[in-house]
Amino acid sequence: MQDKIQMKTPLVEMDGDEMTRIIWKMIKDILLTPYVDLKTEYYDLGLENRDATNDQVTIDSAEATKKYGVAVKCATITPNAARVKEYNLKQMWKSPNGTIRAILDGTVFRAPIVVDSIKPSVSTWKKPIVIARHAYGDIYRDVEMKIPGKGTVELVYTAADGTQMKETVHHFDGEGIVLGMHNVSASIESFARACFNYALDQKQDLWFSTKDTISKKYDHTFKDIFQEIYDAEYAEKFKEAGIEYFYTLIDDAVARVIRSEGGFIWACKNYDGDVMSDMVATAFGSLAMMTSVLVSPEGYYEYEAAHGTVQRHYYRHLKGEKTSTNSMATLFAWTGALRKRAELDHLPELAAFSDRLEKAALMTIEEGVLTGDLANLSSLEQKQVVNTEEFLLAVRDRLERLMK
Ligand code: NAP
Ligand code: MG
């Protein structure tokens, strides 16, 4: 056995719940600790420990991410009423992702893991399309009213000194509906910087789209803020990196995305990102083949899987049955975090290990060794559907081959 690969700075390790917690340990035992002298600062975000610490552990893990810069997170339960009962919780704790995002103030980037034998539904797509979704405001923080009958709706802004601005929304002749929504420049600015930084990091073009021709103040402000920040802070860097920033209308963007080969980042306003990320994920295959990373404007990174805790598989696992759960997204959260750590700490061996481990995992699927969820998606004729652990062992075989 060779010496293990050394790390300098610990990763912030956020453990989680149910089937993904089982997978988490398997990945570490089978694919990481035999090869890497894994340095982590461990936070147990499993629901029992969140309850025991009154959710302090979630806050501590986010603060640790600010201290060290890179975190890797397992999927976690966001409790609802059923979970409060199931786990006998003190209260219905908030979504850990929500808590962490509020502390780190980030943008979420989601990218499909592309495999040759799993063909995207869109035949022109050759490379992944990354969706960067703004996660604040618009209809997610709106106020709405049902208008019962004849009358006038106005928008009124009252400044701190009492002066007012007024606009008439509509003179209603009968029943109708109205909504008011907002965003704040500081959030749009941090969204823009997160996107520009991520594009530089990935060396990929950045597209951004809104409906500024119709929404001449609201959407136009998004367009203007992106352009101002690009011109002042990023134009030079993009030129050096050989990448482009490209703005277009959302409907034009949709048409271009479908005709494209992929291989770029598509920044979307909150609602557009919600809709388009599900379209892109579905067209590329499956949520279990999707990576997700939260990038803060200060350059902190938190890697995770895009899917949840795979509850149904976990209950089968508890009954002693073998499950065939896809560990790709969780594995790629680890390799993404290790590679980022390697880059920040100048550890070429660790970076090479992350690359090889991803390659081994992709080879496994390309050679027809798959978990159940991919069986119908793969175009291969020879397929061997394996259980959760067998898949990871098959990855290890290929990793060993690549390391020789
Ligand atoms: P889910 O865990 O993503 O699973 C939904 C279904 O998708 C599964 O039942 C399974 O289908 C399939 N699936 C998802 N990931 C898979 C994988 N890796 N391999 C194979 N199949 C996979 O979503 P959910 O059941 O709605 O949520 C379960 C828990 O996860 C909830 O408590 C929720 O709060 C939490 N959640 C956490 C996060 C996060 O931490 N980022 C995100 C979403 C949800 P089949 O059962 O048909 O095989
Ligand atoms: Mg959605």
Side-chain angles (χ1 to χ4, degrees), residues 13-27 43-51 55 57-58 61-62 71-87 89 92-101 104 106 108-110 112-113 115 118 133 135 274 277-278 281-282 284-294 302-319 321-334 336-337 361 364-365 369-378 385-392 395:
E13 175 182 354
M14 304 172 175
D15 206 346
D17 288 300
E18 300 195 312
M19 200 59 214
T20 39
R21 188 181 180 97
I22 307 293
I23 288 176
W24 194 259
K25 183 165 189 309
M26 284 184 184
I27 289 175
Y43 292 85
D44 183 0
L45 268 56
L47 189 49
E48 279 113 342
N49 194 45
R50 274 183 277 147
D51 196 49
D55 211 22
V57 66
T58 309
S61 73
V72 56
K73 181 181 170 292
C74 181
T76 46
I77 293 169
T78 298
N80 54 15
R83 298 298 202 163
V84 171
K85 215 168 151 201
E86 181 184 356
Y87 285 82
L89 300 178
M92 201 185 289
W93 303 108
K94 285 191 201 154
S95 147
N97 285 329
T99 302
I100 294 166
R101 271 172 218 167
L104 299 180
V108 177
F109 296 88
R110 292 208 156 159
I113 301 167
V115 184
I118 298 174
R133 174 184 172 188
D274 187 355
S277 68
D278 277 17
T282 307
F284 271 107
S286 134
L287 262 194
M289 296 291 282
M290 177 77 70
T291 63
S292 181
V293 57
L294 172 73
E302 183 227 315
Y303 293 81
E304 57 168 9
H307 58 77
T309 60
V310 215
Q311 183 181 8
R312 296 207 306 173
H313 294 211
Y314 181 60
Y315 290 159
R316 265 181 258 149
H317 169 84
L318 288 182
K319 280 195 241 156
E321 292 170 29
K322 294 278 182 204
T323 69
S324 184
T325 317
N326 189 333
S327 52
M328 288 293 279
T330 304
L331 178 60
F332 274 58
W334 273 101
T364 308
I365 295 175
V369 181
L370 319 155
T371 45
D373 57 314
L374 299 183
N376 289 329
L377 295 171
S378 168
V385 176
V386 293
N387 69 38
T388 311
E389 188 177 13
E390 286 166 344
F391 180 79
L392 292 170
V395 174

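We count ligands from 1, going down the list as the structure has it; atoms in each ligand are counted the same way.
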Among all protein heavy atoms, pick out the one at the shortest distance from [atom]; state its residue, atom name and that distance to 0.1 Å.
| atom | answer |
| --- | --- |
| atom 34 (O) of ligand 1 | Thr78 N, 3.0 Å |
| atom 35 (C) of ligand 1 | Thr76 O, 3.4 Å |
| atom 18 (N) of ligand 1 | Asn326 O, 2.8 Å |
| atom 30 (O) of ligand 1 | Thr309 N, 3.0 Å |

Pair Arg21 + Asp44: basic N to acidic O under 4.0 Å: yes
Lys/Arg-Asp/Glu bridge criterion (N-O < 4.0 Å) met for Arg83, Asp17: no
Ignoring hydrogens and geometry, is there a side-chain-to-backbone donor-acceptor pair from [X] to [Y] under 3.5 Å?
| X | Y | value |
| --- | --- | --- |
| Arg110 | Ser292 | no |
| Thr371 | Asp373 | no |
| Thr364 | Val369 | no |

Please compare [options] and report which has the shortest non-hydrogen distance to [atom].
| atom | options | result |
| --- | --- | --- |
| atom 10 (C) of ligand 1 | His313, Arg83, Glu18 | His313 |
| atom 16 (C) of ligand 1 | Ile23, Val310, Ile77, Asp373 | Val310 |
| atom 39 (C) of ligand 1 | Leu47, Leu374, Asn97 | Asn97 |
| atom 17 (C) of ligand 1 | Pro79, Gly16, Ala288 | Ala288 |
| atom 44 (C) of ligand 1 | Ser324, Ala75, Gly308, Gly372 | Gly308 |

What's the spacing between [X] [atom1] and [Y] [atom2] if we round to 0.5 Å?
| X | Y | atom1 | atom2 | value |
| --- | --- | --- | --- | --- |
| Glu390 | Lys322 | CD | NZ | 7.5 Å |
| Leu104 | Glu302 | CG | CD | 7.0 Å |
| Thr323 | His313 | OG1 | NE2 | 7.0 Å |
| Gln311 | Thr20 | CD | OG1 | 11.0 Å |

Would you verify that at least one protein heavy atom lies under 4.0 Å from [atom], or report that none does?
| atom | answer |
| --- | --- |
| atom 20 (C) of ligand 1 | yes |
| atom 25 (O) of ligand 1 | no |
| atom 7 (O) of ligand 1 | no |

More than 12 heavy atoms of other groups within 6.0 Å of Asn376 CG: no
Contact partition for Arg312 relative to ligand 1, non-hydrogen atoms under 4.0 Å: side chain
Ligand 1 to Gln311 polar contact by distance, N or O atoms, under 3.5 Å: no
Geometric N/O contact Arg316 with ligand 1, under 3.5 angstrom: no
Which of the ligand 1 atoms, numbered from 1, are nearer than 4.0 Å to a heavy atom of Lys73: 40 (O)
Proximal atoms of ligand 1 relative to Thr325 (non-hydrogen, under 4.0 Å): 17 (C), 18 (N), 19 (N)
Distance-only polar pair, side chains of Asn97 and Ser95, donor-acceptor under 3.5 Å: no
